[in-house]
Amino acid sequence: MRATAIAQPNIALIKYWGKRDLKRNLPAVGSISITLRDLYTEMQVELDERLPADKLTVNGAVDQAMLPRLSACLDLVVGSTRPCASIISRCNFPVAAGLASSASAFAAITVAAAHAAGKSLGVAALANLAGRSSGSAARSLYGGFVELENRDSEIAVRSICDSEQWPLTVVIAITETGPKAVGSTEAMEISRRTSPFYASWVERQDDDLESARDAIQRRDFEQLAAVAEHNCLKMHSVMWASRPPVVYWNSVTMRCLQAVRKLQGSGVGVFFTIDAGPQVKAICMPEHEQEVRAALSATEGVKDIMVTGLGNAARLVDVS
Ligand code: DP6
């Protein structure tokens with residue numbers, strides 16, 4: 001059986017950093033994200049008894065790097081005695097560069113694999129399976145504003161607000177195009193084991209979740225901006241204080257932050273967030289898109305700009 005699914009990446013405003021249970025990939029903290037509209041990963045999964053091994057192509061080229069994690073995901077979704085699979089992935093943005101490519105990849109492959117195996121699973125079960133492969137992927141099972149709840153024993157995700165209800169714009173400044181040096185899974189473990197700030201990061205997360213949830217419900221941009229920037233800088237402080245330190249920023253990342261600060265100073269409704277990579281995501285009110293895009297494009301060292309609105313949940317596009 002063959003099935004194809006599409007998922008959009010999501011950007012966390014209140015971040016997931018650290019695991020409570022490595023084996024089941026349970027996050028140590030809850031998180032809140034926005035699902036993007038114009039960036040996507042499409043995954044086609046074909047289960048085929050005749051294949052000797054799983055195979056993967058990404059944008060037409062054979063890819064071995066991502067294959068072990070995708071094969072493990074198929075084992076989880078289809079079962080470990082499954083036939084081998086041919087996986088064809090298409091992605092319209094740089095992978096492994098801090099743009100949440102694993103979120104959209106694992107959300108898409110989970111949906112495609114479940115259908116290829118003839119399993120009819122609800123969104124909660126699919127989110128739980130996607131999250132076991134990559135925590136942030138669970139959030140791409142929903143569109144708009146999404147919360148991954150802080151629970152002891154399972155991954156639980158829910159929608160807080162649809163994309164149409166609060167249509168924000170995201171301007172992404174690409175400051176470096178190569179893959180990141182340390183993957184987030186490994187970096188989180190370094191933080192958990194060695195950062196002196198890790199315990200207080202975990203302890204204070206519920207306060208930030210509550211403030212962000214409240215801001216989203218009341219569409220209070222300023223409150224969301226303040227808590228999202230605080231949470232982002234706190235996560236990076238945890239990483240910076242780890243041993244060895246985990247520093248994803250470069251000098252252009254910093255210049256982009258200064259550009260966002262300058263825009264804020266002139267009354268533009270915008271805030272920044274940065275994930276496990278050097279790219280800067282500026283979230284703004286749609287009416288400020290041009291100013292934000294112009295300011296980041298003019299920032300020395302910025303290689304490219306991507307602009308997107310908020311989008312919808314992962315979905316099946318074909319089954320045959
Ligand atoms: C900084 O979901 O990639 O983007 O569960 O180990 O695959 P694994 O981690 P992953 O981590 C995302 C980290 C982050 C913050 C976030 O998206 O919440």
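Model, not experiment: these values are computed from the prediction. Residue indices begin at 1 and follow the sequence shown. First listed ligand is number 1; within each ligand, the first listed atom is number 1.
Annotation: Glu287, atom CD; neighbour count of heavy atoms from other residues, nucleotides and ligands within 6.0 Å is above 12. In Arg243, the CZ atom is not crowded: 12 or fewer heavy atoms of neighbouring residues, nucleotides or ligands sit closer than 6.0 Å. Summarising the local packing, OH of Tyr40 is surrounded by more than 12 heavy atoms from other residues, nucleotides or ligands at distances under 6.0 Å.
Set against the non-hydrogen atoms of Thr185, the atoms of ligand 1 under 4.0 Å away are 6 (O), 7 (O), 8 (P). Residue-ligand proximity, Ser102 to ligand 1, at heavy-atom distances under 4.0 Å covers atoms 3 (O). Residue Ala276 approaches ligand 1 through these ligand atoms, each under 4.0 Å from one of its heavy atoms: 1 (C). Residue-ligand proximity, Lys19 to ligand 1, at heavy-atom distances under 4.0 Å covers atoms 5 (O), 6 (O), 8 (P).
Heavy-atom proximity to atom 12 (C) of ligand 1, evaluated over Tyr16, Phe106, Tyr248, is greatest for Tyr16. Closest heavy-atom approach to atom 16 (C) of ligand 1 within the set Met188, Met239, Arg139: this belongs to Arg139.
Applying the side chain to side chain donor-acceptor pair (under 3.5 Å) rule to Ser195 yields no partners; only residues at least two apart in sequence or on another chain are considered.
Residue-level proximity to ligand 1 for Ser136 is carried by backbone and side chain together, each with a heavy atom below 4.0 angstrom. Using a 4.0 Å cut-off between heavy atoms, Ser134 contacts ligand 1 through both its backbone and its side chain. Of all the heavy atoms of Asn25, the ones lying under 4.0 Å from any atom of ligand 1 belong exclusively to the side chain.
In this pair, Tyr248 and His236 present their aromatic rings perpendicular. The plane angle is above 60°, beyond the 30 to 60° band.
Of the possible polar contacts, one joining the Gln279 side chain to the Glu176 backbone as a donor-acceptor pair under 3.5 Å is found.
For the pair Arg69 and ligand 1, a heavy-atom separation below 4.0 Å is found.
A donor-acceptor contact closer than 3.5 angstrom is absent between the side chains of Arg255 and Gln258.
The shortest N or O to N or O distance between Ala12 and ligand 1 is not below 3.5 Å.
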Side-chain donor/acceptor pairs under 3.5 Å, residues 107-114, sequence neighbours excluded:
unit_1: Thr110; atom_1: OG1; unit_2: Phe106; atom_2: O; d: 2.6

